[in-house]
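Source: prediction; values computed, not measured.
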Amino acid sequence: MSVSQQSSIDLIALEERYGAHIYHPLDLVVERAEGVWLWDVEGRRYLDCISAYSAVNQGHGHPRIRAALIEQAQRVTLTSRAMRNDRLPGFLKRLTEFCGYDMALPMNTGVEAVETAIKLVRRWGYDVKGIAEDRAEIIVFSNNFHGRTTTVIGASTTPEYRRAFGPFAPGFVAVPYGDVAALERAIGPRTCAILIEPIQGEGGVIVPPEGYLKRVWAICNEHQVLFAADEIQTGFGRTGDLFACDYDSIKPDVLIVGKALGGGFYPVSAVLAGQALLGLFAPGDHGSTFGGNPLGAAVASAALDVIVDEKLTSRARYAGAKIMQGLRALTSPHILDVRGRGLLLGVEFDQPARRISEALLQRGVVAKDTHERVLRIAPPLVIDDAAIEFFLEAFADAVATLSS
Ligand SMILES: *Cc1c(COP(=O)(O)O)cnc(C)c1O
């Protein structure tokens, strides 16, 4: 059955020996995946409720995206932007129309798009708002996650992301997530932008108070401050809306996307904004060797087609409601909270969620703890009723193993 020459145990030992230990992964060695299902090297099947942190919203190995990748790989994969390629223009048009913006700037990983957005809002702060050189401030939020570069972890409030990695770049001010008054107090003449996740995924699936984002958006408008939304995890249907900001009917000045834009095949990220903003970049200001390459453009175009044609946004809404209903029907003294939107769900326990994660794994479900006591449940958006039933049964079973 297995094409791997080695057992899970051997492969884990090999990885531990030769790789830096920057993650604490579950002991599951995946060999193959399709849709919502994963198979390990011993041929055991698991339901994927992580979706590579929402990078595989379309499901693993989607045949249309795979075909686009293979077709493009046979023609041209990388040109650099020292010249043009025939796939980028159509992709940019598709992406900007899809997201409702004038222009896009393609990058590769999510954090690169965040870095790009930071440069963009600072440039605007100096060239348009007239902030004195090197004085611009970006307001970020407690418990945020925007990626792992040195600049971006400098904007983090999570000690383990920062420990012994300083010194950090100045120019970030953190305020409590969900607190309108604190935000208003933090805004000053040097504030160029806020950078916000409409739902904090890594932070433990934190949904802000009803109406909060709309207030934040209004405050930004009032004070001539750009609203930059990091929708890398929440975007492309995950929360039951195309973008999580749609729930509050707000349109960010700067939209940051990644993860599912690559359909689980290839890293593709982007920053979207109006012409007045992205037009501030001139040749030489920014760049990326791989950003905008034809392979990524072909894959991302197909990834967007799948989101539309397979109605993944409404499927997320339906499946999310169904799972939420099942979770809420469970009564356990160990469950403190069930929250989230669409298929970005979190269950908070009275103990480390790693335990429930391990118990689920034994029952063929992969879901992981985030922020210690929260279990994040975020399967690919293509999950069907049978898989939902399978999940809910395994979950009830796993919860019953928790000792009091
Ligand atoms: C995953 C994530 C990032 C970083 O993306 P990478 O591709 O890992 O660099 C940034 N912001 C949010 C909200 C994310 O979930």
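At distances below 3.5 Å, not a single donor-acceptor pair connects side-chain atoms of D246 with backbone N or O atoms of S249. For the pair H60 (side chain) and W37 (backbone), a donor-acceptor distance under 3.5 Å is absent. The backbone N or O of Y177 sits less than 3.5 Å from a side-chain atom of S142, completing a donor-acceptor pair. D369 places no side-chain N or O within donor-acceptor distance of the main-chain N or O of A353, the cut-off being under 3.5 Å. In this structure a side-chain-to-backbone donor-acceptor pair under 3.5 Å is missing from T77 to A73. With R363 contributing its side chain and A359 its backbone, the two residues share a donor-acceptor pair below 3.5 Å. For the pair D40 (side chain) and V29 (backbone), a donor-acceptor distance under 3.5 Å is absent. The closest donor-acceptor contact from the side chain of D48 to the backbone of S51 lies under 3.5 Å. Checked by atom type and distance alone, the side chain of E42 never pairs as donor or acceptor with a backbone atom of S7 at under 3.5 Å. Proximity of a side-chain donor or acceptor of Y46 to a complementary backbone N or O of L38 within less than 3.5 Å is not detected.
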- Query: So I118 and V152, side-chain contact (heavy atoms from CB on, under 4.5 Å) or not? Walk me through it.
  - Reply: CA-CA 9 Å; I118 290 169; V152 169; 4.1 Å; yes
- Task: Would you please test Q362 and T401 for side-chain contact (heavy atoms from CB on, under 4.5 Å) and show each step?
- Result: CA-CA 12 Å; Q362 287 170 9; T401 68; over 6 Å; no
- Item | side-chain contact (heavy atoms from CB on, under 4.5 Å) evaluation trace for L327 with I377 | CA-CA 11 Å; L327 292 173; I377 300 155; 4.0 Å; yes
- Item | E310 vs H62, side-chain contact (heavy atoms from CB on, under 4.5 Å): CA-CA, chis, key distance, verdict | CA-CA 11 Å; E310 301 192 5; H62 196 289; 2.7 Å; yes
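T96 places none of its side-chain heavy atoms less than 4.5 Å from the side chain of D102. H146 has its side chain within reach of L195: a pair of non-hydrogen atoms, C-beta onward, lies under 4.5 Å apart. In this structure the side chain of V347 reaches within 4.5 angstrom of the side chain of F395, judged on heavy atoms. A heavy-atom distance below 4.5 Å is not found between the side chains of R354 and E372. Considering only heavy atoms from C-beta on, L26 comes within 4.5 Å of S357 through its side chain. Using a 4.5 Å heavy-atom threshold, the side chains of D385 and K322 count as touching. When side chains are defined from C-beta on, F141 counts as touching L183, because their heavy atoms get closer than 4.5 Å. Side-chain contact between P106 and V268: absent, with no pair of heavy atoms (C-beta onward) separated by less than 4.5 Å.
Atom CG of L78 has more than 12 heavy atoms from other residues, nucleotides or ligands within 6.0 Å. By the neighbour-count criterion of 12 heavy atoms within 6.0 Å, atom CD of E15 is sparsely surrounded, having that number or fewer from other residues, nucleotides or ligands. Sparse packing is recorded around CD of E34, with 12 or fewer heavy atoms of other residues, nucleotides or ligands lying under 6.0 Å away. Sparse packing is recorded around CZ of R135, with 12 or fewer heavy atoms of other residues, nucleotides or ligands lying under 6.0 Å away. Atom CD of E184 has more than 12 neighbouring heavy atoms from other residues, nucleotides or ligands inside a 6.0 Å radius.
Figure legend: K251 and Y101 shown as a cation-pi pair, the cationic atom lying under 6.0 angstrom from the six-membered ring centre and within 45 degrees of its axis. For the pair R122 and F172, the cation-pi criterion (under 6.0 Å, within 45° of the ring axis) is fulfilled. Because its NZ or CZ atom is not both nearer than 6.0 Å to the ring centre of F349 and within 45° of the ring axis, R355 does not count as a cation-pi partner of that residue.
The shortest non-hydrogen separation linking G204 to V374 is O-CG1, 3.6 Å. In this structure, V114 and I256 approach most closely via the heavy-atom pair N-CG2, 4.0 Å. Across G237 and A316, no two heavy atoms sit closer than the pair O-CB, 3.2 Å. For the residue pair H371 and E202, the shortest heavy atom distance occurs at CD2-O, 3.4 Å. In terms of heavy-atom proximity, L226 sits nearest to C220 at O-SG, 4.4 Å. In plain terms, the two heavy atoms of C245 and P252 that are nearest each other are SG-CG, 3.8 Å.
When each of K259, Q233, R238 is paired with S54, the side-chain hydrogen bond (donor to acceptor under 3.5 Å, both in side chains) condition holds for R238 and for no other. Checked options R373, R339, H334; the residue passing with E348 is R339 (criterion: side-chain hydrogen bond (donor to acceptor under 3.5 Å, both in side chains)).
Between the CZ atom of R148 and the OG atom of S156 there is a distance of 8.0 Å, given to the nearest 0.5 Å. Atom-to-atom distance recorded for T158:OG1 and I153:CD1 is 10.5 Å, nearest 0.5 angstrom. Interatomic distance, CG of L381 versus CD1 of I307, reported as 8.0 Å (0.5 Å rounding). Atoms CD and CG, on Q200 and N143 in that order, are 4.5 Å from each other to the nearest 0.5 Å. Here the CG atom belonging to L345 is positioned 10.5 Å from the OG1 atom belonging to T239, to the nearest 0.5 angstrom. Of the inter-residue distances, the one linking I187 atom CD1 with E137 atom CD reads 11.0 Å to the nearest 0.5 angstrom.
Using bins of under 30°, 30° to 60° and over 60° for the plane-to-plane angle, the ring pair Y161/F145 lands in the perpendicular bin. Below 30°, between 30° and 60°, or above 60°: for F98 and F236 the angle between ring planes is between 30° and 60°, a tilted geometry.
Checked for salt-bridge contact, R75 and E71 meet the test: a charged N lies under 4.0 Å from a carboxylate O. Salt-bridge formation is not detected for the pair K119/D285: no Lys NZ or Arg NE/NH1/NH2 atom is positioned less than 4.0 Å from an Asp or Glu carboxylate oxygen. A salt bridge links D241 to R317: one of the charged nitrogens lies within less than 4.0 Å of a carboxylate oxygen.
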